[in-house]
Amino acid sequence: MSFTVRRYFLILAAAAVLWLAVAGFSLVVGAENIWQLRDSQPDAFNQILSSRLERTLTAALVGAALAASGVAFQALLRNPLAEPYILGVSGGASLGVILATVLLPVSCLTFTIPALGLTLSAAGLAGFLMALVTVGAVYLIAQRHGRLDPYRLILTGVIVNAFFGAAIMLTAALAGDRLRNEIIYWLMGGLGSLRARWGELAVAALVILAGLAVFVYQAAGFNLLSFGEDVAASLGLHVERRRRSAFVVASLLAGVSVSLAGPIGFVGLIVPHLLRMIFGSDHRLLVPLSIFGGAIFLMIGDRLVQLVPYNLVGGLPVGVVTALCGVPFFILLMRRSRTPQGAAP
Amino acid sequence: MIRPHRYIITCLALVLFALAGCRHDSAALPAQPAKPPALRTVVSLVPSVTETLFALGVGDRVVGRSRYCLYPPAALALPVVGDALNVDLERLLVLKPDLIVFHTRVQSADRLTAAGIRPLAPHIETVDDVYAVIDLLGRELGVEPAAKTLTARLTAELAAVREAASGTDPVATLITFPDTIGGGAEIRAVGRGTFLDQMLTLAGGRNVVSTDSYHAASIETVVTWQPEVIIISAPGDIDPGQSDEHYRAAWSRWQSIPAVKSGHVYVLRQPYLTMPGPRMGEAARLLLATLHPDRAAKLENAAK
Amino acid sequence: MTAPAAPNALEVRDLGFTYGQGRFALSGVNFSVAPGEFVGLLGPNGSGKSTLVKLAMRLLPPAAGEIFIDGRRAGDYRLRDYARRVAYLPQENRPAFAFTVLETVLMGRSPHQGAMGFESAADLARARAALDRVDAAAFADLFLDELSGGERQRVMLARALAQEARLLILDEPASFLDLRHQYELYRLLRDLARAERRSCLCVGHDLNVAAAFCDRLVLLCAGRVVAAGPPAEVLTAAKVREVYEIDADVTLRPDGRPVVLPRIEQL
């Protein structure tokens, strides 16, 4: 079971193939039978395909970003229960996105660079900044004499989440009827849009892929950090520097995914843990596998949601599904996990 | 190595960049309809608009509805394409209507416009809004004469109610909604300038709420309003199993309110009461019958 | 900076440290560990042992004095180079996630590997050899959680060996071990020092096990070195009385190493 380069690439190649298969499946399977349309309504066929492609890519990016930031938070905080949603990072990012949406005039929310086909989103930036602020706050509140107690950390996440929840509700209450409904729906975390968001998606993709690359590069360091900061430093890792940069990248990933799809919870918890159970804890494998796994998980989740007929429960947001799966999973993990001894920050 | 302060500077730069790039092109929907050709098919996600379309005689051109569009019965046969918050984009692209009427604000829907589906999100709150929508739909769908007829009929119906109520003392009335989730001390009250306020005024009532729009009020404030009649608007589909008595019971402890003391707390379940659409005459008559039953009877006899 | 002619593996000169409030955790500490020497660092709670280890591991910056590793100032090494020379073994080290023994030992290779941390066949061979050396080869594919405390410490030692550092710094490695495993661990360290000329600085509480295996002892009290030298010179009844404030009988084993027996009737 040793970690060898060949095994590494074999597993990753298999994951990539599976990823491609699920992505292809996501394009083909849906409430509408796309094959029938190809001949009868070629226009609709193309438009639906384009919409599904955007949705699938969004799911893949968001899923990958959430799972990877989950792995990173777990390694950095030495806590298997850490995850952007539980730590309150998603909540902070949500507040940022909502405040930007409510406070800024519609015309200021996005800025397109036509030559590059990129769209900068003010909400995305606000989401990232708030995610960063939240991580900083959670870290400061949860540490005591320079040590992070794992349960104190979860408790801090609960408190921070409650605070952001209240702030979001206040914003929604002040925002007026129509916007309030949108906010509440957005908070459930969904992927579709009537707007073609290729420009925003392109920017998000660049940011997310860069963040994921950083994590793949840092993965060996996550292994060392699992043994505590003293040991990691004694093995040649610049702990402070690594931790700071990884926190920034994890916040970036969480913030961008929230701005793309709303706060989708528990992907960062479920995916890494399932993979750990199968492939072990080696982060050099776990990080890239979680990237594929998170993407696959969310793509499948969104497809399932899409298959529910509209006159039953229309347009169920995928975040509802991940949360419904995630909460029992969290409880199971919490009951099974032992407190890591001498968990250093 | 990545340093946070550099990140922050970059982000601030990006924020400034984004703000500097604000353009003032309204992303809102085009208000003025394109001239001809008239649009053929429609999807309506707004119950009152669905009703209006059928009232205009173009029900056969409606190809999709929302989950809440339940009237007229013919509409029930239509496929559900969404609700107040959601649209089944794929279904819509297959149905390919010329027009879709939304409930919510739509910032941009270029996936629809690219497919030749024109999105429309009219604001429908007052009687004038109803006429405006009838007029708009009439023009869009090329049925102007039907629109004119409908507007005339509704104008006449409302005028008749106003006529019937004239000369009565306006009844101090509170219109509210059932507390569906339960137990809160907040009352959702119908304020001035709303559709229900207009219907109430027509039917010889006086809204005890003096502020605009809908808002929440504490029960203590409601007591100071001293309404003589309380109307609880509970459209049948909200909570079908619940009895009128249950809704009234919530008020029974507030005997200091004249309406409660004298037993003038009414539960009205007709969905059209809250719907600014082609059944607003019925809504006005319903309120008249509640506040001034004698006048309502007279109006009915006159109609016969 | 003048380095000694034959550089010591570790040399501590006039080392001082304070956590603030003017109270010195360490002051004027001098001692050294020669190549191939097994030195035990003893002292009561709060005497500054752990602070000293943290300073030697560069986890804290000295407030005064210097630490030299192989004749060069500790702070002048790049962190990775430092990790190739100095390995660290804490009291107990359980990872937050389930790693296998082999994975754990391979992490000792990380100061020798590229940034992505891929191991070569040579890395794998070194890790296996290290496991062999501590007699833990049979555990290679087990998870750390499945081992006993003593086995786990041997695995951690194997990681330090795989690191190929000439100097091992151990912070109370035997605290959670039973009598037999304590003695076995110390014997292993002594053998490593003798056979492979690795230098060891081992912090501990048990005077007798340290006295039985260490080449020299350093006795620390209230941040100062009270005695340093061969066990029999350091562990005298007088010193024990001075440092631990307890009367004890000190007898000598046949090999001349001292055994400290406190007189409990006085407590």
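By convention in this document, chain letters (A, B, ...) are assigned in the order of the sequence lines, proteins followed by strands, and residues within each chain are numbered from 1. These numbers come from a predicted model, not from an experiment.
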#### Entry: Interface residue of largest heavy-atom contact number with chain A, from C:Tyr82, C:Phe143, C:Tyr88, under 4.5 Å
C:Tyr88
### Lys/Arg cation over aromatic A:Tyr8: A:Arg284, 6.0 Å, 45° cone
no
### Task
Could you tell me whether the side chain of A:Arg152 and the main chain of A:Ala142 form a donor-acceptor pair under 3.5 Å?
yes
### Message
Is C:Pro111 close to chain A through its backbone or its side chain, or both, or neither, when contacts mean heavy atoms under 4.5 Å?
### Response
both
### Heavy-atom proximity to chain C below 4.5 Å, by part of A:Ala233
both
### Residues which pass side-chain contact (heavy atoms from CB on, under 4.5 Å) with C:Asp178, listed by chain and number, not counting sequence neighbours
C:Arg180, C:His181
### Task
Heavy-atom distances under 4.5 Å only: say whether C:Arg78 touches chain A with side chain, backbone, both or neither.
neither
### Task
Decide yes or no for C:Leu188 and C:Arg133: does some side-chain heavy atom of the first lie under 4.5 Å from some side-chain heavy atom of the second?
yes
### C:Met107, part contacting chain A, at a heavy-atom distance under 4.5 Å
both
### Message
Given the ring of C:Phe139, does C:Arg154 sit roughly above its face, with NZ or CZ under 6.0 Å from the centre of the six-membered ring and within 45° of the axis?
### Response
no
